[in-house]
There are 2 protein chains.
Amino acid sequence: MGYFTISDLAQEFHVSTRTIRYYEERGLLTPIRTESGQRLYTKKERAKLKLILRGKRFGFSLEEIHEMIALFDEDRTGKKQLEKTVEYGRKKIKEVSERIDDLLKLKAEMEALLSDFEKRLREWEDRAE
Amino acid sequence: MGYFTISDLAQEFHVSTRTIRYYEERGLLTPIRTESGQRLYTKKERAKLKLILRGKRFGFSLEEIHEMIALFDEDRTGKKQLEKTVEYGRKKIKEVSERIDDLLKLKAEMEALLSDFEKRLREWEDRAE
DNA sequence: ATTTTAATTGACGTTGACGTAAAAGTCAAT
DNA sequence: ATTGACTTTTACGTCAACGTCAATTAAAAT
C-alpha cells in the first residue's frame, strides 16, 4: 500500500511508461526499486510527476522543470541553502507571473478579434431580414 | 515604406532569418516578393510573427499556432465561414483560459512552497539570536 | 504449471524546430 | 566596378523528447 507501479502512474496521467522512464533518465524522478529491480513510486514521486506534466503544459523544458523540482528534492537544512531556495523560488514565481500576464494579453487579443467577427456576423444577419 | 526585410524582423524580434523562413515553410507567414525574389513583410505579416512568438512562449506548437493564425488569413466573407470562425475562436479562448487557470494553480503551489521555506528561514534566524 | 500480462534494459527510429554550411544572386557604398 | 553585406534555395546536421522494437525476466491470472 502507498506505492505505485510505473503503469499505475502511466494510466493515471495518460503518459507512456517510456516517458516516465525517460524522466528518470533525465534525473527528474527517483523511484525506489524492489528486490528484483522493479520501480516503485511513492506519493512524493507521484507529486513530482504531476508537477512535471503541469510544467510541460506551459512549455517549460524538462531542464527548467528539473530546476523547479530541485526544490522538493534537495537537502535544505542550512541557512545558506534556505536563502538560496527562497531567492530561486521568488525568481521562478516571477517568471510564472509574467507568463500569466502574457497569456492574459493573448486572451484579450483573441477576444477583440472574436468580437469583431461577431459584429460582422450580426451585420450579416441584420442584412438578411 | 511600410515594408520590412527579413533581417529587419530578425533583429526586431531576436530570431534568426532561418527561423522566419522556416515559419514560411510551415505556412505561417506569407511575405510578398520583390521582382528579384526577395521577401518583403507587411505590417500584417509582422503582426503575425509577433503572434507566433507569443504563442511559442506558452508552449503552443507551430501547428497550433498555425490554426490560430488562420483567423487572420482566411477569407471570412460568407456567413458559414463567419460562424465557423466565431465558434473556433471561442474554443481557443477557452483553451487559453484553462491554461491561465492552470498557471495560477502552479503559482499558488509555488507560493505555498516558498512561504514554507520562508517560515523555516525565520525559525533559523530566531534560533540564531 | 503454464499462459498472459507487465516490467527491465538497450538500442535504434522519429518528429519538431530549428542551426549551419554551400553556392549563387542582389543591393548599397565606395 | 569592385567590395562587402545581405539574400536566395538546397541540403544536411542537431537536439530534445520521446516512440518503437527486441530480448529477457518477473508477476498475476487461470
Side-chain angles (χ1 to χ4, degrees), chain A residues 1-42 45-46 48-70 95 99 102 106, chain B residues 1-42 45-46 48-70 95 99:
Chain A
M1 203 211 70
Y3 291 122
F4 307 90
T5 73
I6 193 166
S7 47
D8 285 344
L9 296 186
Q11 281 187 28
E12 181 175 357
F13 295 107
H14 306 99
V15 296
S16 70
T17 58
R18 175 71 179 89
T19 298
I20 296 176
R21 287 191 200 98
Y22 179 67
Y23 293 160
E24 184 180 347
E25 278 179 43
R26 298 292 306 271
L28 298 182
L29 294 176
T30 47
I32 56 175
R33 301 285 188 136
T34 67
E35 190 123 331
S36 66
Q38 285 179 225
R39 292 167 173 84
L40 286 183
Y41 298 83
T42 63
E45 291 303 304
R46 183 170 161 276
K48 274 163 62 181
L49 177 55
K50 207 170 179 177
L51 222 147
I52 293 169
L53 298 174
R54 175 165 291 161
K56 289 227 62 190
R57 260 175 282 138
F58 323 123
F60 290 113
S61 73
L62 288 183
E63 192 48 41
E64 290 174 292
I65 295 170
H66 190 132
E67 289 176 11
M68 292 180 179
I69 278 185
E95 281 176 33
R99 267 190 207 225
D102 231 17
L106 176 67
Chain B
M1 203 209 71
Y3 290 122
F4 307 91
T5 74
I6 193 165
S7 46
D8 285 345
L9 296 187
Q11 281 187 26
E12 181 174 357
F13 295 107
H14 306 99
V15 295
S16 70
T17 59
R18 174 69 179 93
T19 298
I20 296 177
R21 288 193 198 96
Y22 180 67
Y23 293 160
E24 184 179 347
E25 277 180 42
R26 297 292 306 269
L28 298 182
L29 293 175
T30 48
I32 56 176
R33 301 286 186 134
T34 68
E35 191 121 335
S36 66
Q38 286 180 222
R39 292 168 174 85
L40 286 184
Y41 297 84
T42 62
E45 291 302 306
R46 182 169 160 276
K48 274 164 59 181
L49 178 55
K50 208 169 178 177
L51 222 148
I52 294 169
L53 298 175
R54 174 165 293 162
K56 289 227 61 186
R57 262 175 282 136
F58 323 126
F60 289 113
S61 74
L62 289 182
E63 191 48 41
E64 290 174 294
I65 295 169
H66 189 133
E67 288 177 10
M68 292 182 178
I69 278 185
E95 281 175 32
R99 268 192 207 223

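Chain A is the first sequence line, chain B the second, and so forth, proteins listed ahead of strands; every chain is numbered from 1.
Whole-Å rounding puts the A:Ile20 CD1 to C:dT9 P distance at 13 Å. To the nearest angstrom, P of C:dG16 lies 13 Å from CD of B:Glu25. For the pair A:Ile6 CD1 and D:dC18 P, the computed distance is 13 Å after rounding to whole Å. Taking atom CD on A:Gln11 and atom P on C:dA6, their separation rounds to 8 Å, with Å as the unit. Atom-to-atom, CD of B:Glu24 to P of C:dA17 comes out at 17 Å; the value is rounded to the nearest Å. Between the CG atom of A:Leu53 and the P atom of D:dA17 there is a distance of 13 Å, rounded to whole Å. Note: CZ (A:Phe60) to P (D:dA17) measures 14 Å, nearest angstrom. A:Tyr3 places its OH atom 20 Å from the C1' atom of C:dA6, with the value rounded to the nearest Å.
Checked against side chain to side chain donor-acceptor pair (under 3.5 Å), B:Glu67 has the following partners two or more places apart in sequence or in another chain: B:Tyr88. Checked against side chain to side chain donor-acceptor pair (under 3.5 Å), A:Thr42 has no partners two or more places apart in sequence or in another chain. With sequence neighbours excluded, the residues forming a salt bridge (charged side-chain N to carboxylate O under 4.0 Å, His left out) with B:Arg46 are B:Glu12, listed by chain and number. Under the rule for a side-chain contact (heavy atoms from CB on, under 4.5 Å), the partners of B:Arg21 that lie at least two apart in sequence or sit in another chain are B:Ile6, B:Thr17, B:Arg39.
OP1 or OP2 of D:dT9 lies within a sub-4.0 Å distance of a side-chain N or O belonging to B:Arg39. Side-chain nitrogen and oxygen atoms of B:Lys56 include none within less than 4.0 Å of the OP1 or OP2 phosphate oxygen of C:dA17. Regarding contacts with the backbone of C:dA6, every side-chain N or O of A:Thr5 stays at 4.0 angstrom or more from both OP1 and OP2. Neither OP1 nor OP2 of C:dA7 sits under 4.0 Å from any side-chain N or O of A:Thr17. In this model, the phosphate group of D:dA17 is not approached by any side-chain N or O of A:Tyr23 to a distance below 4.0 Å at OP1 or OP2. Within the 4.0 Å cut-off from OP1 or OP2 of C:dC18, not a single side-chain nitrogen or oxygen of B:Ser16 is found. Phosphate proximity of C:dT9 to A:Arg33: present, with a side-chain N or O under 4.0 Å from OP1 or OP2.
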Give every pair of a protein N or O atom and an N or O atom of nucleotides 13-16 of chain D that lie under 3.5 Å apart, one pair per line with the distance.
none

Output one line per pair: protein atom, nucleotide atom from nucleotides 26-30 of chain C, and distance, for all N/O pairs under 3.5 Å.
from, atom 1, to, atom 2, distance (Å)
C:dT26, O3', B:Gln38, OE1, 3.4
C:dC27, OP1, B:Ser36, OG, 3.1

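Checked against B:Glu45 for a side chain to side chain contact (heavy atoms under 4.5 Å, CB included), the options B:Leu40, B:Thr30, B:Ile32 give a single hit: B:Thr30.
Here the NZ atom belonging to B:Lys56 is positioned 4.5 Å from the OH atom belonging to B:Tyr23, to the nearest 0.5 angstrom. If you take CZ on A:Arg26 and CD1 on A:Ile52, they are separated by 10.5 Å, rounding to the nearest 0.5 Å. Atom CD1 of residue B:Ile20 and atom OH of residue B:Tyr41 lie 5.5 Å apart, to the nearest 0.5 angstrom.
The main-chain N or O of A:Ala10 is never found under 3.5 Å from a side-chain atom of A:Ser7 such that the two would form a donor-acceptor pair.
Between the side chains of B:Arg18 and B:Tyr22, no donor-acceptor pair is found at a separation under 3.5 Å.
Comparing atom distances between the A:Ser7 side chain and each of C:dA6, D:dT8, C:dT8 picks out C:dA6 as nearest.
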